[in-house]
**Student:** 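Pasting a structure below so you can have a look.
Each ligand, and each atom within it, is numbered from 1 in the order the structure gives.
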Amino acid sequence: MAKDKARVFHPGQQHQDILSEDLVAVLGYGNQGRAQALNLRDNGLKVIIGNKEDRYHERAREDGFQVFDIHDAVKQADDLLVLIPDEVLPEVFSRQIKAHLKPGNTLSFASGYTVAFDLIELPTTIDVILIAPRMIGVGVRERFLTKEGFYCFVGVHQDYSGKAEEKMLALTHAIGGLLKPAVELTFKQEAVLDLFNEQAFGPAFGRVLLTAISVLTENGIPPEAALVEMYMSEEMSYTYQKMAKIGLVKQTLFHSHTSQYGAMSRGIRFMDLDLQPRMQKIFNEIDSGNFAKEWQNPLSRLKFKAIRFFAMRQFINKLEAKVRKSLGFPEIPTEEFEPIDEKFDLLEHPKIQAELEAFKESLEY
Ligand code: NAI
């Protein structure tokens with residue numbers, strides 16, 4: 001149950017004036033970087049890009065930006081939006097960003113992770129703020145152009161200048177993040193919330209889907225129909241939209257009376273699933289920093305590859321392939337995916353053998 005009321009910054013006020021003399025560097029031109037840089041430029045700010053030599057660098061040039069090495073961009077800028085993946089950020093920060101920061105700079109993060117779990121060392125003479133859109137990069141751009149907007153979690157971690165909050169609101173406005181309300185969170189709260197959603201809600205929801213599909217197909221419902229009913233029709237995404245707009249329970253009023261009676265009368269049978277203690281344990285692992293520590297361990301990278309190897313061989317992948325073919329879905333171009341490690345010797349690593357036994361069983365390899 002909700003305990004405290006959050007501070008919410010509402011749309012409507014213009015907050016951008018404090019940035020009129022500033023040069024903004026967007027570090028990283030990926031999902032978030034491109035969308036935010038284009039929005040900042042469209043809102044009239046002076047924007048440069050800091051990026052290593054790769055395809056993102058090219059893309060930024062094609063979009064008409066001046067692109068520099070990361071350290072060169074840092075040297076020139078007043079405000080810096082760090083939009084580089086969390087897992088590489090600690091190294092990039094210590095090698096290419098930290099030494100070039102100047103007193104009074106504003107450093108903005110789109111995720112609380114690296115700061116919350118002490119993976120980077122921040123100078124004390126800068127402002128450090130959080131602007132974390134709750135929207136994928138493409139959505140950040142599209143919803144800026146349509147003026148629909150997107151939610152953001154925002155906060156001030158370090159206020160050196162005395163104006164960090166004003167800057168935070170100005171930059172949030174400038175990326176299009178104040179077309180909808182923005183909710184104040186600490187870096188730690190943002191990181192924990194994000195990880196909890198990924199580690200507790202996502203897998204529990206996935207397990208419910210897989211169980212339902214298993215019961216249906218074992219009882220003679222054709223897999224094509226089961227998968228269409230459960231998620232391939234995309235009907236569920238409409239239900240999610242209704243939940244967001246109308247309410248988790250209230251949206252059921254759009255369903256038939258038979259559906260409402262069935263769902264509510266049977267819903268009570270799922271009350272004892274024991275989810276609360278499991279989710280609490282996951283929350284504690286995240287909150288204590290133990291998850292971040294575990295993920296920093298090089299052995300976890302190995303374990304990750306091995307778990308993913310099994311996950312891609314889970315029964316649902318075969319069932320989906322059959323159903324997709326039967327329903328005439330197009331092949332998914334392989335270049336859309338990161339290549340998956342196929343080497344078995346990875347799984348022979350003695351330290352991870354024991355841990356993997358559980359995964360092998362649960363994923364029905
Ligand atoms: P991305 O994976 O799209 O980032 C690619 C960019 O990172 C490219 O510019 C690339 O050159 C650069 N990069 C990658 N490895 C590098 C390295 N070793 N050294 C220097 N540069 C490197 O990242 P994305 O998804 O845009 O995430 C950026 C930040 O935004 C992260 O903190 C993420 O948590 C946060 N975020 C992401 C969201 C999303 O929709 N993907 C949503 C909200 C926040």
**Student:** Counting non-hydrogen protein atoms only, what is the nearest one to atom 21 (N) of ligand 1? Give residue, atom name and distance.
**Tutor:** Lys52 CD, 3.9 Å

**Student:** Check Ala77 against Ala25 and note the closest heavy-atom contact, atom names and distance.
**Tutor:** CB-CB, 3.4 Å

**Student:** Note the single closest protein heavy atom to atom 11 (O) of ligand 1, along with its residue, its atom name and the distance in Å.
**Tutor:** Asp54 OD2, 2.7 Å

**Student:** State plainly whether the residues Arg301 and Glu87 are in salt-bridge range, i.e. N to O under 4.0 Å.
**Tutor:** no

**Student:** At a 4.0 Å threshold, what atoms of ligand 1 neighbour a non-hydrogen atom of Asn51?
**Tutor:** 8 (C), 9 (O), 11 (O)

**Student:** Looking only at protein heavy atoms, which one is nearest to atom 15 (N) of ligand 1, and what is the separation?
**Tutor:** Val88 CG2, 3.7 Å

**Student:** Return the option from Tyr56, Tyr113, Phe153 holding the heavy atom at the smallest distance from atom 10 (C) of ligand 1.
**Tutor:** Tyr56

**Student:** Just jot down the ligand 1 atoms closer than 4.0 angstrom to any heavy atom of Gly137, in number order.
**Tutor:** 40 (O)

**Student:** Is the shortest heavy-atom distance from the side chain of Leu119 to the side chain of Phe93 under 4.5 Å?
**Tutor:** no

**Student:** Could you give the distance from OG1 (Thr106) to CD (Glu166), rounded to the nearest 0.5 Å?
**Tutor:** 10.5 Å

**Student:** What is the minimum heavy-atom distance between Tyr29 and Asn51, and which atoms define it?
**Tutor:** N-OD1, 2.9 Å

**Student:** Do you reckon Leu273 sits in the same ILVMFWY cluster as Val208, going by side-chain contacts under 4.5 Å, direct or chained?
**Tutor:** no

**Student:** For ligand 1, note which part of Met135 has a heavy atom under 4.0 Å away: side chain, backbone, both or neither.
**Tutor:** backbone

**Student:** Between Asp86 and ligand 1, is there a nitrogen or oxygen pair with a distance under 3.5 Å?
**Tutor:** yes

**Student:** Do Lys167 and Asp22 meet the salt-bridge criterion of a basic N to acidic O distance under 4.0 Å?
**Tutor:** yes

**Student:** For atom 27 (O) of ligand 1, is there a protein heavy atom at a distance under 4.0 Å?
**Tutor:** no

**Student:** Please could you name the atoms of ligand 1 that Gly28 approaches to less than 4.0 Å, counting only its heavy atoms?
**Tutor:** 9 (O)

**Student:** CD1 of Ile213 to CD1 of Ile316: how many Å apart, nearest 0.5 Å?
**Tutor:** 4.0 Å

**Student:** Got a second to check how far Arg134's CZ is from Lys180's NZ, nearest 0.5 Å?
**Tutor:** 15.0 Å

**Student:** Output the list of atoms in ligand 1 that are nearer than 4.0 Å to some heavy atom of Ala110, sorted by atom number.
**Tutor:** 30 (O), 35 (C), 44 (C)

**Student:** Going by atom types alone, do Gln280 and Asn284 pair a side-chain donor with an acceptor below 3.5 Å?
**Tutor:** yes

**Student:** Numbering the atoms of ligand 1 from 1, which are under 4.0 Å from a heavy atom of Leu83?
**Tutor:** 28 (C)

**Student:** Please report which non-hydrogen protein atom sits nearest to atom 43 (C) of ligand 1, along with the residue it belongs to and the distance in Å to one decimal place.
**Tutor:** Pro133 O, 3.3 Å

**Student:** Which of the atoms in ligand 1, numbered in the order shown and given with their element, are less than 4.0 Å from a heavy-atom of Ile136?
**Tutor:** 40 (O)

**Student:** Under 4.0 Å from any heavy atom of Ser111, which atoms of ligand 1 are there?
**Tutor:** 32 (O), 34 (O)

**Student:** Ligand 1 versus Gln32, non-hydrogen atoms closer than 4.0 Å: side chain, backbone, both, neither?
**Tutor:** both

**Student:** Would you check whether His57 reaches within less than 4.0 Å of ligand 1, judged by its heavy atoms?
**Tutor:** no

**Student:** Which option wins on minimum heavy-atom distance to atom 2 (O) of ligand 1: Gly139, Gly30, Pro85?
**Tutor:** Pro85

**Student:** Specify side chain, backbone, both or neither for Asn31, according to which of its non-hydrogen atoms lie closer than 4.0 Å to ligand 1.
**Tutor:** both

**Student:** Check this for me, if you would: do Asp42 and Arg141 make a salt bridge, where the nitrogen-to-carboxylate-oxygen distance has to be below 4.0 angstrom?
**Tutor:** yes

**Student:** Using a strict cut-off of 4.0 Å, indicate which atoms of ligand 1 neighbour a heavy atom of Val92.
**Tutor:** 17 (C), 19 (N), 20 (C)

**Student:** Could you give the distance from OH (Tyr240) to CD (Glu234), rounded to the nearest 0.5 Å?
**Tutor:** 15.0 Å

